[in-house]
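Quick caveat: nothing in here was measured; it's all calculated off a predicted structure. Per chain, numbering begins at 1; letters A, B, ... match sequence-line order.
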Amino acid sequence: MTIVKPRVIYWFRTDLRLHDSPALKAALDLEPEVLWPIFTWDPHYVYHVKASSNRWQYILDCQQDLSDSIQKLNPKSKLFVIREAPQTLFPKLFTAWKPTHLVFERDTDAYARERDKVVTDAATKAGVKVITRYGRTLWDSDEVVRKNGGKPTMSITQLQAAGHKVGEIPKPIPAPDYLPDPGEMPINFDHIQRAETVDLNAPHRSLVDKTYKSIAGPKGDSAVETLEELGFPAATTPHRGGETLALAQLEKVMADEKVRGYFSKAQDKPSFNRTSDDSSFASHALRCSVPSTLLLANHGSQLLFRDMYFAAQAAIGSPYTQTLNNPYVRFIPWHLPSKYDEADTGTMAISGSYQVDSPQADKWFRRWKAGVTGFPFVDALMRQLRFEGWIHHLGRHLVACFLTRGGCYVHWERGADVFEELLIDHEPASNAGNWQWLSCTAFFSQYYRCYSPVAFGQKWDKNGDFIRKWVPELKHLDAKYIYEPWKATQSALDDAGVRIEGDGLDEGGTEGIYPVAMFDFQERRNICIAAMKRAFAIGLHGNDEAVKNGYWKQLFEKAGETEMEGLDGMDSSDDNDDEGEHADDADHESHRNHNPKGRNGGKHSRSKSSTAVQEGPMDRHVKKLKT
DNA sequence: ACATAGGTTGCTAGG
DNA sequence: ACCTAGCAACCTATG
């Protein structure tokens with residue numbers, strides 16, 4: 001009898017790190033004869049998930065740093081990057097390389113689980129043993145869900161109670177001090193290039209996409225991809241990714257906090273300008289480099305929210321990142337709703353595009369995205385987001401509230417799309433969860449607490465230094481007006497050398513011109529709060545029949561709602577919303593947007609929260625009326 | 001059943 | 001600089 005020593009493929013995915021990796025430890029505990037550290041480029045992420053150059057650069061940084069760290073431990077090894085979908089690649093590797101084990105860190109999102117099942121089934125068929133561990137979160141999200149009665153964790157109390165039942169958070173595992181040699185890596189099989197026709201990133205590519213041109217890259221050495229290979233222009237972010245850098249930053253922050261006596265105090269006053277040198281770096285450190293357990297000491301509360309979102313995602317599955325079919329998110333008839341993939345009736349997953357039910361709301365959305373809303377604090381944040389791929393999480397609160405329930409009344413899925421594209425620290429579970437939180441569709445519901453684009457920033461930055469940095473048009477404006485330039489006197493504007501005009505969308509950054517504010521914030525705030533109140537009274541959720549079959553519209557109309565999908569803005573009545581050429585006829589019907597006060601929908605079966613997951617009385621009502 | 005307290009991180013006016 | 005009450009009134013957790 002011959003004893004076969006383990007030959008292990010370690011499959012790196014989002015866990016681009018060596019420290020505190022239970023899965024990597026499990027792989028090394030096998031005492032393998034050979035270990036292949038590999039990364040596979042998955043077309044799902046390349047073509048179906050929007051990402052900016054900054055995001056790609058950050059991920060490539062993480063991969064390159066990991067590869068360097070592996071090579072330091074064993075000069076024969078590195079991160080071998082293979083350009084093919086894992087679902088088609090692994091069955092061929094199992095035959096060609098003859099591994100005994102495949103090891104990886106589990107994910108909680110629906111796509112990854114589906115993909116991993118395909119790969120795991122292929123492994124089983126090929127006689128390869130699969131070992132997985134959790135490792136991205138404080139507790140195993142699936143365990144948390146189990147201890148929470150199989151239900152998603154929709155509050156911090158639930159998460160803490162469930163986490164307590166799961167047990168102690170394990171101590172961080174040190175990085176390994178050796179790695180076995182990689183085995184032979186014959187590529188004696190056909191390379192399947194991408195089959196997809198969809199490419200959500202096409203508009204952002206400036207070069208020809210060569211991502212899948214060859215299985216081992218242009219030099220045939222399985223090196224980390226470059227932005228050029230991916231077809232993206234150079235990144236603008238000053239933030240670099242990678243475990244080595246992130247750990248060094250963590251060490252510095254902890255040392256600083258000790259010196260300043262902040263060690264036990266979770267929160268300093270937010271500073272929107274500081275980034276990599278303060279506690280806010282935690283979010284992008286978490287993305288793929290620094291294990292959460294190492295951050296626990298001084299970022300404890302933030303991490304609990306993250307675990308809450310991951311466990312919610314683990315329980316809810318694919319509808320977690322959307323409204324439709326999601327029993328746990330409130331239905332609110334926001335503008336610019338997602339288009340759903342008609343062909344894919346099984347999951348009803350969002351297809352990435354949206355309906356322009358209101359040209360006005362669409363313009364507000366495009367101005368928000370471009371950082372030309374005419375609200376300087378909003379614009380500063382959105383411009384920093386685009387350039388750096390990072391903004392302070394309180395800044396994220398403000399711009400998210402402004403786009404959804406506290407200004408534009410645009411669907412939170414639009415905002416989540418933009419953050420997904422631009423944030424280098426983007427994680428789907430946290431992104432969707434936070435957008436649901438801020439828009440009061442799940443996790444949080446106090447919609448009358450509404451962030452002001454003027455007052456919120458002033459609390460910490462009276463002089464508007466943050467605005468001056470990112471909105472240079474207003475650099476010399478008196479601090480009295482910097483948050484609300486529409487109030488500035490002509491002489492103050494003249495002194496600052498700025499004119500307030502246009503919508504900021506067409507000109508290519510004309511110097512000395514800053515756009516007119518999109519709307520009167522107080523007015524929009526009141527309209528939105530009133531609309532939220534009526535939507536809460538109607539009480540629909542993402543899986544209610546009335547939402548799926550469109551009957552919701554009649555319910556909202558009966559309640560006298562006008563601030564909703566499809567019911568406004570089909571004329572160009574808004575006085576700020578003209579295209580600049582026909583300003584004179586802009587004031588007709590200017591009162592059209594005002595909500596009639598009065599009847600609210602409260603009488604319509606206020607579905608209690610506990611009925612959200614079942615068929616409520618509303619559903620019977622709807623079915624009856626539908627025939 | 002019902003009441004009460006609490007909830008990452010709201011804003012404003014007033015002391 | 002820092003606190004409080006009032007605003008209008010959401011949901012969850014607990015006893």
Assigned partner base of [N], Watson-Crick or wobble definition, under 3.5 Å:
N     : result
C:dA1 : none
B:dT9 : none
B:dC2 : C:dG15
C:dA9 : none

Take the protein atom [atom1] of [X] and the nucleotide atom [atom2] of [N], then report the distance between them rounded to whole Å.
X        : N      : atom1 : atom2 : value
A:Phe443 : C:dC11 : CZ    : C1'   : 13 Å
A:Leu438 : C:dC11 : CG    : P     : 18 Å
A:Gln302 : B:dT8  : CD    : C1'   : 7 Å
A:Met308 : C:dC11 : CE    : P     : 17 Å
A:Tyr328 : C:dT12 : OH    : C1'   : 14 Å
A:Lys533 : C:dA9  : NZ    : C1'   : 8 Å
A:Gln160 : B:dT8  : CD    : P     : 9 Å
A:His392 : B:dT9  : NE2   : P     : 13 Å

With rounding to the closest Å, how many angstrom separate the [atom1] atoms on [N] and [M]?
N      : M     : atom1 : answer
C:dT14 : B:dT8 : P     : 13 Å
C:dA9  : B:dA1 : P     : 26 Å
B:dG7  : C:dA8 : P     : 23 Å
C:dA5  : B:dA5 : P     : 14 Å

| request: Would you give the length of the straight line joining atom CG of A:Asp503 to atom CH2 of A:Trp364, rounded to the nearest 0.5 angstrom? | output: 13.5 Å

Kindly point out which of [options] is positioned nearest to the side chain of [X]?
X        : options                : answer
A:His397 : C:dC10, C:dT14, B:dT8  : B:dT8
A:Phe456 : B:dG10, B:dG7, C:dA8   : B:dG10
A:Gln158 : C:dT12, B:dT12, C:dC10 : C:dT12
A:Ser445 : C:dT12, B:dG10, B:dG7  : B:dG7
A:Tyr447 : B:dT8, C:dA9, B:dT12   : C:dA9
A:Lys459 : B:dC11, B:dG10, B:dT8  : B:dC11
A:Ala455 : B:dT12, C:dA9, C:dC10  : B:dT12
A:Trp437 : C:dC11, B:dT8, C:dA9   : B:dT8

| request: Could you label the plane-to-plane angle of the A:Tyr451 and A:His397 rings as parallel, tilted or perpendicular, counting under 30° as parallel and over 60° as perpendicular? | output: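 Correct class here is perpendicular.
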
| Parallel, tilted or perpendicular for A:Phe519 and A:Phe375, by the 30°/60° rule? |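 If you compare the ring of A:Phe519 with that of A:Phe375, the planes turn out tilted.
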
| task | Ignoring backbone atoms, establish whether A:Arg449 has a side-chain N or O less than 4.0 Å from OP1 or OP2 of B:dG7. | result |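 Checking B:dG7 against A:Arg449, no side-chain N or O comes under 4.0 Å of OP1 or OP2.
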
| said: For B:dG7 and A:Ser155 - does any side-chain N or O of the residue sit under 4.0 Å from the phosphate oxygens OP1/OP2? | reply: no

| task | With A:His335 as reference, evaluate A:Gln360, A:Arg414, A:Glu563, A:Glu565 under the side-chain hydrogen bond (donor to acceptor under 3.5 Å, both in side chains) test and give the passing residue. | result | A:Glu563

| Considering only heavy atoms from C-beta outward, does the side chain of A:Gln160 approach that of A:His164 to under 4.5 Å? |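 No, every pair of side-chain atoms sits at 4.5 Å or beyond.
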
| Under 4.5 Å between any side-chain heavy atoms of A:Tyr354 and A:Pro337, yes or no? | no

| query | Does the ring of A:Phe536 carry A:Arg330 above it, NZ/CZ under 6.0 angstrom from centre and within 45° of its axis? | reply | yes

| request: Answer yes or no as to whether C:dC10 has its base stacked against A:Tyr448, where stacking requires a ring-centre separation under 5.5 angstrom and planes under 30 degrees apart. | output: no

| said: Between the base of B:dT8 and the side chain of A:His393, is one N or O donor paired with an acceptor at under 3.5 angstrom? | reply: no

